[in-house]
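Start at 1 and go down the list; that is how both ligands and their atoms are numbered. Since we're looking at a predicted model, the values are computed, not measured. Here, residue 1 is the first one in the sequence, and each next residue gets the next number.
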Amino acid sequence: MDLGIRGKRALVCAASKGLGRGCAEALAEAGVNLVLNARGEETLLQTAEELRVTYGVDVATVAADITTEGGRAETLEVASDVDILVTNAGGPPPGHWSDWYREDFIGAIDANMLTPIALMQSLLPRMMGQNWGRVVNITSQSVKAPIPQLGLSNAARTGLTGFVAGTARQVAPHGVTINNLLPGIHDTARADALDAAAAAEAGISVQEARTRREATIPARRYGTPAEFGRACAYLCSTHAGFIVGQNLLLDGGAISATL
Ligand code: NAP
């Protein structure tokens, strides 16, 4: 399917690896020129070069921490004219509800709620002015069904979801859509880290922890960054203009719910 976005420009945050890279790759495949961000320059430059060579699109890079004011300013200097914004950042660490203090919550809220909000506040006005834009926020299945050991993530991402629910309706009259993608377990470094934490807690091997987690998913496997990315590219496409303020769960059926 032609997604109708060839030649548009997108900022994909936290995109050198994992789900962000999956989104960048699917947008590149659709002919979208990219600004990619991540903290580590080496992997970022390598990813950018691979996408340039494979898809023939322009790829600019900004090596910066997107959760800091300075990192966002550096990124926006290069990406102030994008038509598409994909927000993403690393997730907060797992832990126990009794172990988190104010600073831990502030850190998680900064990274996973206030950062995407700040990026939207910067980029939405131009998108609205040209009467076309797309925003996709990478959140988590924890918004729909809390993951007890990820309380920081549950809290911060639910706040973002509330903000998006209202704001999406305010910008839709101007041809701009905002939607959230909620990943279940996907095969990335983040999933490996969570497998390792589960293995350490249960005193089992990392492979056994993965096998047990796969068994909880009706699809009996982890998702892939490539299929996640294609869902993102579809939400960014010209065909998705009537999808407004939605939360799309990609979890292989793990959360058992009618709606
Ligand atoms: P990942 O494989 O660890 O990749 C994270 C990417 O983000 C890397 O490119 C990393 O590069 C970059 N990054 C991390 N922190 C950053 C920051 N502060 N500023 C700029 N770039 C940053 O992680 P993932 O699995 O793709 O996860 C992406 C998001 O989805 C996370 O918030 C995660 O919690 C959420 N999620 C993932 C899953 C899953 O199963 N994978 C499930 C639910 C939710 P640098 O380290 O070089 O910056």
Side-chain angles (χ1 to χ4, degrees), residues 11-26 34-48 50-51 61-76 79 86-94 107-116 118-119 136-147 149-158 160-161 180-198 209-210 213-214 216-217 219 221-229 231-232 247-252 254-255:
L11 167 61
V12 187
C13 302
S16 64
K17 290 188 291 188
L19 302 180
R21 180 185 165 136
C23 295
E25 184 139 10
L34 299 169
V35 181
L36 300 186
N37 151 265
R39 291 165 304 180
E41 189 160 40
E42 198 181 330
T43 312
L44 180 63
L45 292 177
Q46 196 181 322
T47 297
E50 283 169 19
L51 297 191
T61 58
V62 184
D65 184 340
I66 200 67
T67 68
T68 65
E69 218 172 306
R72 283 193 295 280
E74 270 182 66
T75 305
L76 288 169
V86 180
T87 75
N88 187 27
I109 288 168
D110 247 342
N112 299 113
M113 178 184 167
L114 298 181
T115 290
L119 290 166
V136 173
N137 300 295
I138 299 179
T139 67
S140 172
Q141 63 180 352
S142 69
V143 170
K144 187 152 172 96
I147 302 168
Q149 67 275 23
L150 291 180
L152 293 173
S153 171
N154 300 339
R157 298 186 198 276
T158 305
L160 173 64
T161 306
N180 303 319
L181 280 179
L182 283 55
I185 304 174
H186 282 71
D187 209 351
T188 70
R190 166 81 171 169
D192 292 344
L194 293 178
D195 284 346
R210 178 173 175 137
R213 288 217 295 163
E214 281 174 338
T216 66
I217 303 171
R221 65 175 178 85
Y222 290 180
T224 69
E227 60 197 349
F228 187 89
C232 174
N247 291 280
L248 178 60
L249 183 63
L250 290 113
D251 72 341
I255 293 174

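- Remark: Asp187 engages Arg210 in a salt bridge (charged side-chain N to carboxylate O under 4.0 Å, His left out) (not counting sequence neighbours).
- Within 4.0 Å of ligand 1, the residues that place a heavy atom are Ala14, Ser16, Lys17, Gly18, Leu19, Asn37, Ala38, Arg39, Gly40, Ala64, Asp65, Ile66, Thr67, Asn88, Ala89, Gly90, Gly91, Ile138, Thr139, Ser140, Arg157, Pro183, Gly184, Ile185, His186, Thr188, Ala189, Arg190, listed by chain and number.
- In this model, a donor atom of one side chain and an acceptor atom of the other lie less than 3.5 Å apart for Thr87 and Asn137.
- Residues satisfying the side-chain hydrogen bond (donor to acceptor under 3.5 Å, both in side chains) test with Thr75, not counting sequence neighbours, are none.
- Within a 6.0 Å sphere centred on CD of Glu50, heavy atoms belonging to other residues, nucleotides or ligands number more than 12.
- For Leu45, the side-chain contact (heavy atoms from CB on, under 4.5 Å) partners at least two apart in sequence or on another chain are Glu41, Thr61.
- Atom CG in Asn154 sits 4.5 Å away from atom OG in Ser142 (nearest 0.5 Å).
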